[in-house]
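See below for the structure under consideration.
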Amino acid sequence: MLKELLAMSYITTRVGEIVSPLHEHTERSKLHIFLKAPFGFTKTTEILELQEKGLAHVVLEHSEAGLLGSAKAGVYYKGDIINGANKITVIDEYYLFETEARRHLLTIMSHGFAKRTFHTFSKTAFSDRGDGWEVQGEQFGFTLKINTAIALSTAVIEGKADTILEMIQSRCFNLNYSFSKADALEMLSGEKKIERVKIKKIDFVDRVYLPEDVGKYLAERIGELEIVPPDVGGYYMRAYWDMVKIASVYTVQDGRVDITKDDVDKALILYPLHSLGFIGNKLSKSEIEVYRHCRYKTASQIAKEVGLSEVQVRRIIKRLKDMRIVKEISYGGKIAYVNILEI
C-alpha cells in the first residue's frame, strides 16, 4: 500500500495542474503523503528503493539553509530539496527538521514555492533554474519554485501541540501503520516480502481536466462515507481533491487528459483508508491487504490470495467491519465481502 501510494505521488509530479470547470478552479496536482510507522517497519528500505530508481530523493539537510539553499553576492547555493525536483521529496523523521524548515515544507506543499528571507540587504538580483526548479533572488532573500511531491514520515508523534504538523497532515494522505510481533516474525521468516515498486514512466502532462459531471459524481460519492465527523468540513474538501489527484493518475497512465467516472471509482477504493488515516486509526499491512481484496470475495478466497489462514482473515474482516470500511453481502449464494463504497 505504501509503495502504491508513493508510486501515485511520483506520477502526480508528471502533471502540471488539474482544471475543474465545475468549481472554476485549478488545483495543484501533487499528492502528498504522511506516514506514521514504528521503527523496524522497513519504511526506510522501501523509500531508498525509490531513490535508487531515481523517483525520490531523501533530504538529509534539516535546517532552513540546508533545505532551501543560500545566496551570497548574487550566487545561489543549492539546497538539498533541489534534488527532489520532478520527484518525490522524502522527509524521513519529521521531527529532525528545524521549525523554519517545516514551515517551508508546508508552503511548498500548499503553493509549490518557498521564500527565504535574509536580514541583510543585497543589491545584487539573481536568478537560477534547472529541471523542475527555479529561484529568483530579491533584495532580502529569494523565492524557490519547485515541482515536487512531499512524503513525510515519523515513528513518533510528540504529545505537545504542533500547529505546523496539523496543517501539513491536513494536506496529506495519512497512513498510520501498526506493526506487531507477528508482523515482524512474518517478515523475518520470509512469509511476507517487502513489496517492490512498479511505475510506468509517464511523459509530462500540462493539464488534466475534471469534467463537470464527473466532479458532481465524486462529490456525491464522497458524501456517502462518514468516518470523519460531519462537522469537519475542511477534511471533506481536502479528501475530494486528493481523490481527484489519485483519479488523475489512472487518467494519465491510460494516455488521457479527461478524468472519467471509472477513474474516480478506482480512486475511491482508497477513500476509506484516507478517512481512517486522518482520524489516526492504525492498520497493519495485513489488514490493508485484506481490505484491498474485499472485492466480492469470500473469506476463503481472500485467505488464499493474501497468504493468511481463513481464521486470520475472518478476524481481520471483523475489525474492518467494526471500522465501517467493509461490508458483508450475499453473492452467488455465498457470504462475500466488499469495500463499503462498492456499488
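- Val249 places none of its side-chain heavy atoms less than 4.5 Å from the side chain of Val15.
- Between the side chain of Tyr291 and the backbone N or O of Ile316 there is no donor-acceptor pair closer than 3.5 Å.
- Closest non-hydrogen pair, Ile340 versus Pro272, comes out as CG2-CG, 4.1 Å.
- Phe204 CZ: more than 12 foreign heavy atoms inside a 6.0 Å radius.
- With hydrogens and angles ignored, the 3.5 Å screen pairs a side-chain donor or acceptor of Asn147 with a backbone N or O of Thr13.
- Under a hydrophobic clustering in which Ile, Leu, Val, Met, Phe, Trp and Tyr are joined whenever their side-chain heavy atoms come within less than 4.5 Å, directly or via other members, Phe113 and Leu68 fall into different clusters.
- Defined by atom type and a distance below 3.5 Å, a donor-acceptor pair is present between the side-chain atoms of Thr154 and Glu93.
- Checked for salt-bridge contact, Glu289 and Arg292 miss the test: no charged N lies under 4.0 Å from a carboxylate O.
- Partner of Glu328 under the salt bridge (Lys or Arg N to Asp or Glu O under 4.0 Å) criterion, chosen from Lys297, Lys334, Lys321: Lys321.
- One finds a salt bridge joining Arg256 and Asp254 here, because a Lys/Arg side-chain nitrogen approaches an Asp/Glu carboxylate oxygen to under 4.0 Å.
- For the atom pair NZ of Lys87 and CD of Gln51, the computed distance is 7.5 Å after rounding to the nearest 0.5 Å.
- A heavy-atom distance below 4.5 Å is found between the side chains of Tyr250 and Met8.
- Ion pair Glu100/Arg116 not flagged as a salt bridge, since none of the NZ, NE, NH1 or NH2 atoms sits closer than 4.0 Å to an Asp/Glu carboxylate oxygen.
- Between Arg14 and Asp203 the shortest side-chain heavy-atom distance does not fall below 4.5 Å.
- Tyr10 places none of its side-chain heavy atoms less than 4.5 Å from the side chain of Ile202.
- The number of heavy-atom neighbours closer than 6.0 Å to CG of Asp131, taken from other residues, nucleotides and ligands shown, is 12 or below.
- Between the CG atom in Leu270 and the CG atom in Leu341 there is a gap of 11.0 Å [rounded to 0.5 Å].
- With hydrogens and angles ignored, the 3.5 Å screen pairs a side-chain donor or acceptor of Thr12 with a backbone N or O of Leu31.
- With rounding to the nearest 0.5 Å, the separation of CE in Met243 from CD1 in Ile259 is 12.0 Å.
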Could you give me the CA-CA distance, side-chain angles and deciding distance for Leu283 and Leu320, then say whether side chain to side chain contact (heavy atoms under 4.5 Å, CB included) is met? CA-CA 9 Å; Leu283 289 168; Leu320 298 178; 4.2 Å; yes
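- Although no hydrogens or angles enter the test, the distance criterion places a donor-acceptor pair under 3.5 Å between the side chain of Asn176 and the main chain of Gly277.
- Of the candidates Thr148, Thr89, Asp80, Asp80 is the only one forming a side-chain hydrogen bond (donor to acceptor under 3.5 Å, both in side chains) with His57.
- The closest side-chain donor-acceptor pair between Tyr217 and Asp265 falls under 3.5 angstrom.
- Salt bridge Glu220/Lys216: absent, no basic N to carboxylate O contact under 4.0 Å.
- The closest side-chain heavy-atom distance from Leu210 to Asp263 is not below 4.5 Å.
- The structure places NZ of Lys318 at 4.0 Å from CG of Asp322, a figure rounded to the nearest 0.5 Å.
- Within the 4.5 Å cutoff, no side-chain heavy atoms of Ile325 are placed close to those of Leu225.
- Summarising the geometry, atom CD1 belonging to Ile108 is positioned 6.0 Å from atom CG belonging to Leu67; distances are rounded to the nearest 0.5 Å.
- Looking at every heavy atom in both residues, Val90 comes nearest to Ala56 through CG2-CB, 4.0 Å.
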Decide side chain to side chain contact (heavy atoms under 4.5 Å, CB included) for Ser110 and Met167; before the verdict, give the C-alpha distance in whole Å, the side-chain angles of both, and the deciding distance to 0.1 Å. CA-CA 10 Å; Ser110 303; Met167 294 176 72; over 6 Å; no
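- Checked options Leu152, Leu175, Ile150; the residue passing with Phe34 is Leu152 (criterion: side-chain contact (heavy atoms from CB on, under 4.5 Å)).
- Checking Asn83 against Lys78 by side-chain atom types alone, no donor-acceptor pair falls below 3.5 Å.
- Relative orientation of the Tyr235 and Tyr271 rings is parallel, given thresholds of 30° and 60° on the angle between their planes.
- Taking each heavy atom of Ile18 and Val244 in turn, the nearest pair found is CG2-CG1, 3.7 Å.
- With values rounded to the nearest 0.5 angstrom, Phe173 atom CZ is found 8.0 Å from Asp242 atom CG.
- With hydrophobic clusters built from ILVMFWY side chains whose heavy atoms lie under 4.5 angstrom apart, Trp133 does not share a cluster with Val75.
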Is there a side chain to side chain contact (heavy atoms under 4.5 Å, CB included) between Val313 and His293 once you walk through the steps? CA-CA 11 Å; Val313 167; His293 282 79; over 6 Å; no
Checking Glu27 against Lys245 for the salt bridge (charged side-chain N to carboxylate O under 4.0 Å, His left out) test, could you report, in this order, the C-alpha distance in whole Å, the side-chain angles of both residues, the deciding distance, and whether it holds? CA-CA 9 Å; Glu27 178 75 5; Lys245 294 170 186 179; 3.6 Å; yes
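- A 4.5 Å side-chain heavy-atom check between Ile246 and His274 finds every atom pair outside the cut-off.
- For the 3.5 Å distance criterion, the side chains of Thr143 and Glu138 qualify, holding a donor opposite an acceptor.
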Evaluate the criterion side chain to side chain contact (heavy atoms under 4.5 Å, CB included) for residue pair Tyr209 and Val214; output intermediate values, then yes/no. CA-CA 10 Å; Tyr209 297 89; Val214 178; over 6 Å; no
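- Ser153 and Asp92 share a donor-acceptor pair across their side chains, judged by distance under 3.5 Å alone.
- Cluster membership for Ile91 and Tyr95, using ILVMFWY side-chain heavy atoms within less than 4.5 angstrom, is shared.
- The shortest heavy-atom contact between Arg238 and Ser170 is NH1-OG, 2.8 Å.
- Residues Leu144 and Ile81 meet the side-chain proximity criterion, which asks for heavy atoms closer than 4.5 Å.
- Grouping the Ile, Leu, Val, Met, Phe, Trp and Tyr side chains by contacts below 4.5 angstrom, directly or via other members, places Ile168 apart from Met237.
- Of all non-hydrogen atoms in Phe142 and Ala71, the two that sit nearest each other are CD2-CB, 4.3 Å.
- Heavy atoms only, all atoms of each residue included: Thr298 and Tyr337 are closest at C-CD1, 4.4 Å.
- Using cut-offs of 30° and 60° for the angle between ring planes, the Phe126 and Tyr76 rings count as parallel.
- Linking ILVMFWY residues whenever their side-chain heavy atoms come closer than 4.5 Å, directly or via other members, places Trp241 and Tyr236 in the same cluster.
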